[in-house]
Amino acid sequence: MQYWLMKSEPDEVSIDDVLAAPGHTVSWFGVRNYQARNFMRDAMRPGDGVLFYHSSCAQPGVAGLAEVASAAYPDATQFAAGGKYHDPKATPEQPRWSAVDVRALRKTRLLPLAEMRTIPALEDMLLLQKGSRLSITPVSAGQWNAIVKLLGAGAASLEGSDPRV
DNA sequence: GCCAACGTTGGC
DNA sequence: GCCAACGTTGGC
């Protein structure tokens with residue numbers, strides 16, 4: 001079991017959007033960074049915990065808890081000629097980009113980026129490192145537990161009695 | 001809108 | 001393999 005932080009622009013896909021989707025699940029497509037792709041393709045497993053982070057918005061920060069809901073599969077948008085995510089060098093035989101399904105578990109209070117920066121237990125988070133821009137980053141168990149604690153009782157564990165919405 | 005920082009591309 | 005140019009990210 002591993003933990004991840006995944007960034008989404010709420011104008012595109014917010015935690016509310018995922019909770020409103022069928023099965024509270026969406027396909028995480030459109031990643032076009034090799035490091036982020038490698039995390040999805042090589043390291044993510046169904047059931048991994050996900051901090052759902054809102055980026056490029058007025059109030060950047062962790063907005064909810066989610067989980068990885070599938071193994072990685074080829075991102076279909078890479079094959080769509082004329083589409084925003086088209087990659088002319090990708091073919092169905094030799095796909096370049098991967099996606100996973102992500103299921104929202106619950107919306108939390110917003111944990112602002114500025115607050116995260118003040119918490120000693122989080123100082124090593126990749127998200128907080130200078131110049132870090134990766135849209136998917138691994139989160140340690142200690143960082144996960146510290147954040148879940150900050151977000152309040154009931155969020156303490158993904159394996160809890162009923163953490164789902 | 002600004003701009004620092006990073007990733008990718010492509011000429012050489 | 002180097003590195004300049006360009007594009008993107010994302011906080012502020």
Side-chain angles (χ1 to χ4, degrees), chain A residues 2-21 26-44 48-68 72-140 142-144 146-152 155:
Chain A
Q2 286 192 259
Y3 303 100
W4 307 95
L5 180 142
M6 299 176 82
K7 295 181 186 174
S8 182
E9 301 186 17
D11 288 349
E12 308 258 335
V13 182
S14 70
I15 184 71
D16 290 320
D17 294 332
V18 183
L19 284 168
V26 298
S27 175
W28 208 269
F29 61 84
V31 170
R32 293 296 180 268
N33 171 283
Y34 290 106
Q35 245 185 300
R37 177 206 63 183
N38 292 348
F39 285 138
M40 285 196 288
R41 190 189 61 186
D42 305 334
M44 279 190 178
D48 282 0
V50 173
L51 300 171
F52 195 102
Y53 181 89
H54 283 174
S55 69
S56 292
C57 57
Q59 290 262 3
V62 173
L65 299 179
E67 68 179 359
V68 175
Y73 52 88
D75 176 350
T77 63
Q78 69 192 301
F79 311 126
K84 175 179 172 187
Y85 296 110
H86 182 229
D87 183 342
K89 293 184 184 159
T91 65
E93 294 71 34
Q94 297 250 300
R96 179 180 290 198
W97 304 110
S98 298
V100 297
D101 289 345
V102 172
R103 177 183 303 125
L105 297 175
R106 61 192 294 270
K107 187 176 182 174
T108 62
R109 80 159 171 102
L110 186 85
L111 174 59
L113 175 63
E115 182 178 345
M116 295 173 75
R117 291 195 187 283
T118 70
I119 298 164
L122 302 184
E123 68 182 358
D124 290 334
M125 279 189 83
L126 290 173
L127 173 78
L128 305 183
Q129 305 313 303
K130 180 183 167 86
S132 167
R133 297 184 317 184
L134 260 188
S135 63
I136 299 175
T137 47
V139 172
S140 74
Q143 292 159 358
W144 173 272
I147 288 171
V148 161
K149 189 181 250 181
L150 279 166
L151 293 176

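Each chain gets a letter, A, B and so on, in the order the sequences are listed, and its residues count up from 1.
The distance from atom CZ of A/R96 to atom P of B/dG7 is 17 Å, rounded to the nearest whole Å. For A/E12 and C/dT8, the CD to P distance is 14 Å, given to the nearest whole Å. Rounded to a whole Å, the CG atom of A/L126 is 16 Å from the C1' atom of C/dT9. Rounded to whole Å, the distance from CD on A/E9 to P on C/dT9 is 7 Å. For A/M6 and C/dG10, the CE to P distance is 13 Å, given to the nearest whole Å. Here the C1' atom of nucleotide C/dG11 and the CD atom of A/Q129 are 15 Å apart, to the nearest Å. Look at CG on A/N33: it is 15 Å from C1' on B/dT9, rounded to the nearest Å. Between A/L127 atom CG and C/dG10 atom C1' there is a gap of 11 Å when expressed in whole angstrom units.
The distance from the CG atom of A/L5 to the CG atom of A/L126 is 9.5 Å, given to the nearest 0.5 Å. In this structure, A/F52 CZ and A/T108 OG1 are separated by 11.0 Å, a value rounded to the nearest 0.5 Å.
Remark: A/Y34 is not in phosphate contact with B/dT9, judged by side-chain N or O atoms under 4.0 Å from OP1 or OP2. In this structure, A/K7 reaches the C/dG10 phosphate: one of its side-chain N or O atoms is under 4.0 Å from OP1 or OP2.
Considering only residues two or more places apart in sequence or on other chains, A/S140 meets the side-chain hydrogen bond (donor to acceptor under 3.5 Å, both in side chains) condition with A/Q143.
Contact annotation: the side chain of A/N33 never approaches that of A/R133 to less than 4.5 Å [non-hydrogen atoms, C-beta and beyond]. Put simply, the side chain of A/W144 reaches to within 4.5 Å of the side chain of A/L51, judged on heavy atoms.
Counting only residues at least two apart or on different chains, the ring-ring contact (aromatic ring centres under 6.0 Å, His included) pairs with a member in residues 87-134 of chain A are A/Y34-A/W97.
Candidate nucleotides B/dG7, C/dG10, C/dC12 were compared by shortest atom distance to the side chain of A/L113, and C/dC12 ranks first.
Under 4.0 Å is where a charged nitrogen must lie from a carboxylate oxygen, and between A/D75 and A/R32 at least one such pair does.
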Could you go over nucleotides 3-6 of chain B and give all protein N or O partners under 3.5 Å, atom names and distances?
unit_1: B/dA5; atom_1: OP1; unit_2: A/K130; atom_2: NZ; d: 2.4
unit_1: B/dA5; atom_1: N3; unit_2: A/R133; atom_2: NH1; d: 3.3
unit_1: B/dC6; atom_1: O2; unit_2: A/R133; atom_2: NH1; d: 2.6
unit_1: B/dC6; atom_1: O2; unit_2: A/R133; atom_2: NH2; d: 2.7

